[in-house]
Amino acid sequence: MGSAAKYNAQTTENKWYNYWMEHGYFHSEVDDRESYTIVIPPPNVTGVLHMGHMLNNTIQDVLIRRARLKGYNACWVPGTDHASIATEAKVVAKLKSEGIEKSDLTRETFLEHAWEWTHKHGGIILEQLKKLGASCDWERTAFTMDDNLSASVIKVFVDLYNKGLIYRGYRMVNWDPEALTTLSDEEVIYEERQGNLYYLNYKIEGSQEVLTVATTRPETILGDTAICINPNDERFTHLKGKKVIVPIANRIIPIIEDEYVDMEFGTGCLKVTPAHDMNDKALGDKHGLEVIDIFNDDATLNSFGMHYQGKDRFVVRKEISKELEALGALEKTEQHLNKVGTSERTKAVIEPKLSDQWFLKMEDLAKPALEAVLDKDVKLVPEKFINTYRHWMENVRDWNISRQLWWGHQIPAYFYGDGKEDFVVAESKEEALTLAKAKTGNATLIETDLTQDPDALDTWFSSWLWPMTVFNGILEPDNKEINYYYPTNDLVTAPEILFFWVARMVVAGYEYRKEKPFNNVYLTGIVRDKQRRKMSKSLGNSPDPLDLIAQYGADGIRVGMLLSSPAGNDLMFDEDLCKQGSAFVNKIFNADRLIKGWEVDEDIEQPEAAKIGIAWYQSKFQKALLELEDHYSKYRMSDALMTTYKLIWDDFCSWLLEMVKPAYQAPIDAVTYAAVIKILGDNLKILHPFVPFISEEIWQSIKDRTPEEALIIASWPESHTIDEVLINDFEVAADVISGVRKIRKEKNIAFKEAITLSVLNNDKAKPTFDTVIKQLCNVSDLEYVSESVDGALSFRVKSNEYFIPIVAGTIDVEAEIKKISEELNYTEGFLKSVQKKLSNERFVANAPEKVIVIERNKQADAEAKIATLKASLASLK
RNA sequence: GGGCAAUUAGCUCAGUUGGUUCAGAGCACUUGGUUUACACCCAAGGGGUCGGGGGUUCGAAUCCCUCAUUGCCCACCA
């Protein structure tokens, strides 16, 4: 047996993953057991695994594997999201690199390219998840653009339209000039950017006077249709009813009055550009202003841009400020920090734009979803997110669900005639035709008279149905699967998509099943690097998950990720954690090697130390089971792992195995061996959710197992009563053992050298663990004495005193006196504080009886200890 | 501008209704160790006035006030 034995994760992990797959352990069918369901937050179909996914899916796998062991019918549904804007952007970029413009293609051709891309890159991420050990039911893998999921989306759209909840409106929306589509409010990220505040002079019509207006966007003057002042602003009273001339454009626009204008900001005058600002639009509507749109869809200027036509808005900003300066229309510029809306996907600066879009009315839909969370019917973990959720739900605005994209679910609205208002909404063109005929009274309409809206739906308009559509619960609301698996149990996801996705799933759940989609939502943190930066591809600070797995093994990474991942708090990822993880796996591997190396002898009797050690560990294990239950119920994954980690490493390896370990090359008795094997099996069960591979590997190597006996489908250890007395006695024994080791170290007494230990038993403690102490400290004689031993080093545990005789002359009397004096000093101080507390009448009167008893015990212990310390000192002097 | 959360050992974090030595864990660190599973190991050890200040209480890391710092979310101030 070489010392070089190390666990090889690579081969083992592949072997067992294949084994699990072959035997269909991940697959779930409806049966009599209680279901435990998780639906995966579907990653982008063409995405690749990043550290956030690793954390997320590790947690889900731990939960699902534990549920499986606990006897639930565990079902983890995997899948991917078509991610319309992200995927379309990738396809457009790919085509561009080949010299093809999207605008040159028909919708059909473009979609062919998109599907090709999807088939080529799609599902890579799911393969990566398998490396991590994810025990998803791969037979259920779903995609948001699968036929039945797509049909569900369309059905829901039509239904909501018929309920009057979806409407078409000409509104100011967030326009992404790069992706050439609108975005929902949630897809706009506001960033602080340093910019300028330009002070522009507008000439008053028929006067030499100028009016100075501050703006951050001088290029938009070409779309100005008014200047607004506050009616209460006395500085401008004389200008009421006058008109000004827009520089460069030389258009004449009115001065209007509205209290909306903040007199304190800038010059107290506001230029109004209704086409390019949400507020200006509102102001324009109120005052009946003209709307001049100066931009093309790609944010270059159109014909209203005059000589700037065709140039980008930011180029124009620079150029126009120079022209204005030359004209004397630029009073000054100031540095100004302002918030700029950017596209979540393309990072392009959002342009507010007026256009015809589809919206979903959210106000009424949100109500049951809000109540569900406030009533804790849907639990958010950690709870701090309830506030955020409530705030969003109470102020929810209508959801812009249309996107000017092709990749996605095409909106089932069919236009006829020329007007934008002439349309019908239906699940198929055929139905649409019937509807259109009825609506127009024109029986001669044919399908080609109908044109389907070219826009696609927001991706989230399909993923909000995910927990239902993966079980086909929209098309067949009464099928046995949806009735069995829904509502799902836990949802594990990132807080960033609380509004995008989680809230909307709750909304959809109540609207379509009158029931929540999941019981609990566990919100993980963001994975950050040591410098607290978010791990991202663009920063290059994110390790490749597959490289990590290759280096540390999936088990190691899983442990590494969970070692520090409090719910809702960010995870500071440090590769050292993975090292720690793989060290733990290696430790388990070696414990098993030790056990495997033992030879069993049926004829020898069980040593006392082994017997007591096993009894103790069994209680300790039961205690850990209770702790685990508590931690899991609160989604404290790192705590659950740490309980397991310490139980295995410290209690099992460092204590139990050392207690039962036979002497070198000596055999072990059969009773102890059987007990250790049983314990090992139970250990593996609680380890399995965290380290599925190594645990299955060892489980299968203990003996031949049939497929029905695989660890992955074993049953969670049974609960038994806990012997607290035994556990406490062991704590004392452990202190004694530490005391002996300390003296051995101080005095350089090698472990091989047996010693005698004398005990002055003031506690009248039962000698339960004496044989254990003898074995672990190499004590040849353990004797009880009635008075202090001369010529020995001593230490105290509780009020007992322990003596180790030392070769004459090797005791440093001075040092011993100093050490004991210090301990005496401390204990006397401690006693004093306890006495002070006990002599405080108000304490005795107010504190609960329990606390007073504890203080009295402390007092008694301290007094006894002081007595032994004094006796020791006396014997040394 | 509004709201929420956090601040405990070098690092990452526990500390549930104020009261068992409650000031903890893991890692890191120091020292010692070829004990025949594991140096990805074993053992022993050092380390914090619980962000600052004030208050309530017999008793505060824990409750209240205040200040400071950090993070997150929301919001149309040109």
Side-chain angles (χ1 to χ4, degrees), chain A residues 1 3-7 172 190 197 213-217 220 228 260-262 264-267 269-273 277-282 336 338-339 341 352 382 384-385 387-388 391-392 395 495-496 498-499 526 530 532 552 556 563-566 568-572 574 576-577 579-598 630 634 636 638-639 641-642 645-646 653-654 657-658 661 663-665 737-738 741-746 748 750-752 778 830 834 837 840-848 850-855 857-858 861-862:
Chain A
M1 197 178 293
S3 63
K6 279 185 190 171
Y7 171 64
M172 190 63 95
Y190 286 89
L197 197 55
V213 178
T215 180
T216 52
R217 304 193 57 190
T220 61
C228 189
Y260 163 78
V261 176
D262 180 351
E264 305 298 316
F265 189 89
T267 60
C269 300
L270 173 70
K271 65 191 263 315
V272 186
T273 320
D277 186 280
M278 305 267 180
N279 301 305
D280 289 12
K281 175 64 169 52
H336 180 70
N338 64 336
K339 298 266 190 163
K384 66 178 176 185
F385 287 108
N387 279 328
T388 319
H391 185 261
W392 191 76
N395 299 286
E496 344 175 79
L498 186 61
F499 306 140
I526 295 168
K530 273 175 158 176
R532 293 193 173 262
Y552 301 101
L563 275 171
S564 169
S565 60
N569 285 342
D570 290 352
L571 166 70
M572 295 322 135
D574 180 346
D576 284 349
L577 291 170
K579 267 186 207 157
Q580 197 184 339
S582 63
F584 181 51
V585 171
N586 193 52
K587 183 73 182 173
I588 300 166
F589 173 72
N590 274 295
D592 178 56
R593 276 179 74 228
L594 172 68
I595 295 166
K596 284 215 179 72
W598 288 337
D630 186 47
K634 293 170 183 157
R636 295 172 167 229
S638 349
D639 290 338
L641 171 60
M642 194 43 70
Y645 182 95
K646 286 196 279 192
C653 294
S654 296
L657 290 182
E658 294 300 328
K661 191 161 135 181
Y664 182 45
Q665 289 188 335
I737 291 163
S738 279
R741 284 169 174 167
K742 200 171 167 183
I743 286 177
R744 275 186 179 277
K745 188 188 172 191
E746 278 167 7
N748 262 321
F751 182 80
K752 283 183 244 176
N778 195 10
F830 176 72
V834 173
K837 207 183 259 188
N840 181 336
E841 279 173 36
R842 290 203 274 185
F843 171 74
V844 180
N846 293 320
K850 200 178 82 187
V851 176
I852 294 171
V853 169
I854 287 160
E855 291 300 317
N857 287 340
K858 280 197 221 168
D861 280 351

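Values reported hereafter were calculated over all heavy atoms of this structure, with side chains retained and with hydrogens, waters and symmetry mates removed. Chain identifiers are assigned alphabetically (A, B, ...) following the order of the sequence lines, protein sequences preceding nucleic acid strands; residue numbering begins at 1 within each chain.
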Nearest to the [X] side chain among [options], which nucleotide is it?
{"X": "A/Lys646", "options": "B/A78, B/G26, B/C41", "value": "B/G26"}
{"X": "A/Gln580", "options": "B/C40, B/C27, B/C38", "value": "B/C27"}
{"X": "A/Cys653", "options": "B/A37, B/U21, B/G32", "value": "B/A37"}
{"X": "A/Phe265", "options": "B/C40, B/A37, B/A78", "value": "B/A78"}
{"X": "A/Phe843", "options": "B/C58, B/A44, B/A25", "value": "B/C58"}
{"X": "A/Asn279", "options": "B/C76, B/A37, B/G19", "value": "B/C76"}
{"X": "A/Arg636", "options": "B/G15, B/A43, B/A37", "value": "B/G15"}
{"X": "A/Lys742", "options": "B/U20, B/C4, B/G45", "value": "B/G45"}
{"X": "A/Arg593", "options": "B/A75, B/A25, B/C38", "value": "B/C38"}

To the nearest Å, how far apart are [X] [atom1] and [N] [atom2]?
{"X": "A/Asp576", "N": "B/G26", "atom1": "CG", "atom2": "P", "value": "17 Å"}
{"X": "A/Leu498", "N": "B/A5", "atom1": "CG", "atom2": "P", "value": "16 Å"}
{"X": "A/Trp392", "N": "B/C4", "atom1": "CH2", "atom2": "P", "value": "20 Å"}
{"X": "A/Lys837", "N": "B/G19", "atom1": "NZ", "atom2": "C1'", "value": "7 Å"}
{"X": "A/Leu563", "N": "B/A14", "atom1": "CG", "atom2": "C1'", "value": "14 Å"}
{"X": "A/Met572", "N": "B/C11", "atom1": "CE", "atom2": "C1'", "value": "11 Å"}

Correct closest heavy-atom pair for A/Asp277 and A/Met172 would be O-CE, 3.3 Å
Considering only the C1' atoms, how many Å lie between B/C64 and B/G47, rounded to the nearest integer? 32 Å
Roughly how many Å apart are B/A9 and B/U30, using the C1' atom of each and rounding to a whole number? 15 Å
What is the pairing partner of B/G59, taking Watson-Crick or G-U wobble pairs with both distances under 3.5 Å in any strand? none
B/G32 pairs with which nucleotide, Watson-Crick or G-U wobble, both distances below 3.5 Å? B/C42
